[in-house]
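Structure record follows, encoded as structure tokens.
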Amino acid sequence: GDSVTQMEGPVTLSEEAFLTINCTYTATGYPSLFWYVQYPGEGLQLLLKATKADDKGSNKGFEATYRKETTSFHLEKGSVQVSDSAVYFCALPLRGSNYQLIWGAGTKLIIKP
Amino acid sequence: NAGVTQTPKFQVLKTGQSMTLQCAQDMNHNSMYWYRQDPGMGLRLIYYSASEGTTDKGEVPNGYNVSRLNKREFSLRLESAAPSQTSVYFCASSELGGGLNYEQYFGPGTRLTVT
């Protein structure tokens, strides 16, 4: 079945470092892809999305490109800040459902000043 | 505009006790969801309600019941709590319609411990 695999964390970086969090997926067709972020003590919130292959989603300095050749949707940011410390989740729709998402396990990001 | 609110924030139960987790949204969303979050496992859908008056099972419904009280409110009930239900529970909502259902808005969560 369809699935999402994220790199294990935690990922620890210094402020202003370049960030990549890997996400690969297995799916039939070309579903929409999502990144959600969970800040400490809060619920998840949508960070960015891409609705078709080769699309780039972007928000708050984060970017992710939907690459069908490598079935990947890696999250990147050029210069991270302490405030980016959070857990990041990659997700895609469950095939055949209009409501359910398949979630990655989450990658915890720690930014040190 | 409070978004999605959940009560309580924390709860400790003894095995066999029951409780109801409350969720409300003020965004006029049609669809609502209950998830549990366990370490290293991402989110797992317990139940969802596509619209007022309907509920459907998700990935892990056993041991839970839900009620869509009205368009705003969606409650989750544990009839006889078990230690395996120790988790963080999130309520979420989304607009009805295609891809908008995947853009979900989450509450702050309820941390439940069952001893």
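Everything quoted here is computed from the prediction, not taken from an experiment.
No more than 12 heavy-atom neighbours from other residues, nucleotides or ligands sit within 6.0 angstrom of CZ on Arg67(A). More than 12 heavy atoms of other residues, nucleotides or ligands sit less than 6.0 Å from atom CD of Glu15(A). Annotation: Lys108(A), atom NZ; neighbour count of heavy atoms from other residues, nucleotides and ligands within 6.0 Å does not exceed 12. Within 6.0 Å of NZ on Lys57(B) lie no more than 12 heavy atoms contributed by other residues, nucleotides or ligands.
Two different hydrophobic clusters hold Leu46(A) and Leu48(A) under the rule that ILVMFWY side chains link at heavy-atom gaps under 4.5 Å. Under a hydrophobic-cluster definition in which Ile, Leu, Val, Met, Phe, Trp and Tyr are linked whenever side-chain heavy atoms come within less than 4.5 Å, directly or via other members, Tyr47(B) and Leu21(B) are assigned to the same cluster. Under the 4.5 Å side-chain contact rule for hydrophobic residues, Leu47(A) and Phe73(A) share a cluster. Linking ILVMFWY side-chain heavy atoms closer than 4.5 Å, directly or via other members, places Tyr48(B) and Tyr35(B) in a single hydrophobic cluster. No continuous path of hydrophobic side-chain contacts links Leu94(A) to Phe34(A) [ILVMFWY only; heavy atoms under 4.5 Å].
Relative ring orientation between Trp103(A) and Phe106(B) is described as perpendicular, the plane-to-plane angle rising above 60° on a 0-90° scale split at 30° and 60°.
To the nearest 0.5 Å, atoms CD (Gln38(A)) and CD (Gln37(B)) are separated by 4.5 Å. Atom CZ of Arg44(B) and atom CD1 of Ile102(A) lie 14.5 Å apart (nearest 0.5 Å).
In terms of heavy-atom pairs under 4.5 angstrom with chain B, the leader among Gln100(A), Gln6(A), Gln45(A) is Gln100(A). Contact count against chain B (heavy-atom pairs under 4.5 Å) is highest for Pro93(A) among Ala91(A), Gly106(A), Gly41(A), Pro93(A). Chain A forms the most heavy-atom pairs under 4.5 Å with one residue out of Gly109(B), Ala50(B), Pro39(B), Ala92(B), and that residue is Ala50(B).
Across every non-hydrogen atom of Ser31(B) and Tyr99(A), the tightest pair is OG-CE2, 3.4 Å. Of all non-hydrogen atoms in Glu103(B) and Tyr36(A), the two that sit nearest each other are CA-OH, 3.4 Å.
Interface residue Glu42(A): only backbone heavy atoms are found under 4.5 Å from chain B. Heavy-atom distances place the side chain of Leu45(B), and not its backbone, under 4.5 Å from chain A. For Glu8(A), no part sits under 4.5 Å from any heavy atom of chain B, backbone or side chain.
Using a 4.5 Å heavy-atom threshold, the side chains of Gln104(B) and Leu101(A) count as touching.
Within the 3.5 Å criterion, the main-chain N or O of Leu44(A) finds no donor-acceptor partner in the side chain of Tyr105(B).
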